[in-house]
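All values below were derived from every heavy atom in this structure, side-chain atoms included, with hydrogens, water molecules and symmetry-related copies excluded. The residues of the chain are indexed from 1 along the displayed sequence.
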Amino acid sequence: MNTLNENYKAISLIRPKSITATETGTGVDVTQYEDDCMATMHLGALGGTTETFIGTIETSVDGGSNYTTALTFGTITGAEDNYSAAGRVNLSGVTHIRGKIAMSSTSASLVSMSILVRAKTGGATTNSTTPAA
């Protein structure tokens with residue numbers, strides 16, 4: 001019987017960090033994973049109360065050259081410290097995925113974004129403590 005950590009892997013799309021401008025993560029190859037994943041976005045200590053944040057998950061079907069929006073978490077205001085959101089992304093035909101958090105101000109704010117993926121049947125284990133680049 002497989003254990004949860006042998007089948008699933010959390011991959012950072014935007015590692016926890018303080019940002020002062022729009023942050024776009026590096027594309028991650030997802031061809032070895034099943035067709036669905038769960039994406040999460042977290043906003044921690046925000047720099048003010050008037051800025052806005054729009055988190056999106058972008059996917060590519062051409063090896064990471066061109067990206068389109070697959071999921072939008074919605075508009076979050078600076079008044080919503082410690083905000084988390086989650087959503088489903090279909091990876092069918094997708095080669096790469098990345099996260100993007102657009103913000104409307106330059107006040108430093110703590111953010112992160114990640115996905116939870118599952119190995120394809122018969123594929124290698126996804127158990128790893130190595131984060132995505």
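Closest approach of Leu71 and Ala39 over heavy atoms only: CD2-CB, 4.0 Å. In terms of heavy atoms, Gly64 sits closest to Ser60 at N-OG, 2.9 Å. Contact record, Ala86 with Met38: CB-SD, 4.1 Å, taken as the closest heavy-atom pair. Scanning all heavy atoms of the two residues, the minimum distance from Ile97 to Cys37 falls at CD1-SG, 4.2 Å. Gly87 and Phe73 make their closest contact through N-CE2, 4.0 Å (heavy atoms, listed as atom of the first residue, atom of the second, distance). Here the shortest heavy-atom pairing between Ala70 and Val89 reads CB-CG1, 4.1 Å.
The only member of Ile19, Leu43, Ile76 that meets side-chain contact (heavy atoms from CB on, under 4.5 Å) when paired with Met103 is Ile19.
Expressed to the nearest 0.5 Å, how far OH of Tyr33 lies from CG of Leu116 amounts to 10.5 Å. With rounding to the nearest 0.5 angstrom, the OG atom of Ser65 is 8.5 Å from the NE2 atom of His96. Note that OG of Ser109 and CD of Glu23 are 12.0 Å apart. Values are rounded to the nearest 0.5 Å. For the atom pair CD1 of Ile54 and OG1 of Thr22, the computed distance is 9.0 Å after rounding to the nearest 0.5 Å.
Tyr67 and Leu13 are not part of a single hydrophobic cluster, where members link through side-chain heavy atoms under 4.5 Å apart.
Annotation: side chain of Phe53 is not in contact with side chain of Met41 (no heavy-atom distance under 4.5 Å). Within the 4.5 Å cutoff, side-chain heavy atoms of Asn90 are placed close to those of Asp36. No side-chain heavy atom of Ile57 sits less than 4.5 Å from a side-chain heavy atom of Thr69. Counting only heavy atoms from C-beta outward, the side chains of Ile101 and Ile14 approach each other to under 4.5 Å. By the 4.5 Å heavy-atom criterion applied to side chains, Lys9 and Ile11 are counted as neighbours.
Within the structure, salt bridge (charged side-chain N to carboxylate O under 4.0 Å, His left out) contacts touching residues 49-74 (residues at least two apart or in different chains) are Glu58-Arg98.
The main-chain N or O of Thr52 is found under 3.5 Å from a side-chain atom of Ser104 such that the two form a donor-acceptor pair. When atom types are taken as modelled, the side chain of Thr24 and the backbone of Lys100 share no donor-acceptor pair closer than 3.5 angstrom. Side-chain atoms of Ser105 come within 3.5 Å of backbone atoms of Ser107 as a donor-acceptor pair (strictly under, hydrogens ignored).
Judged by distance alone, the side chains of His42 and Ser84 do bring a donor and an acceptor atom under 3.5 Å apart. Side-chain atoms of Thr31 and Thr95 include no donor-acceptor pair closer than 3.5 Å. Thr40 and Ser114 share a donor-acceptor pair across their side chains, judged by distance under 3.5 Å alone.
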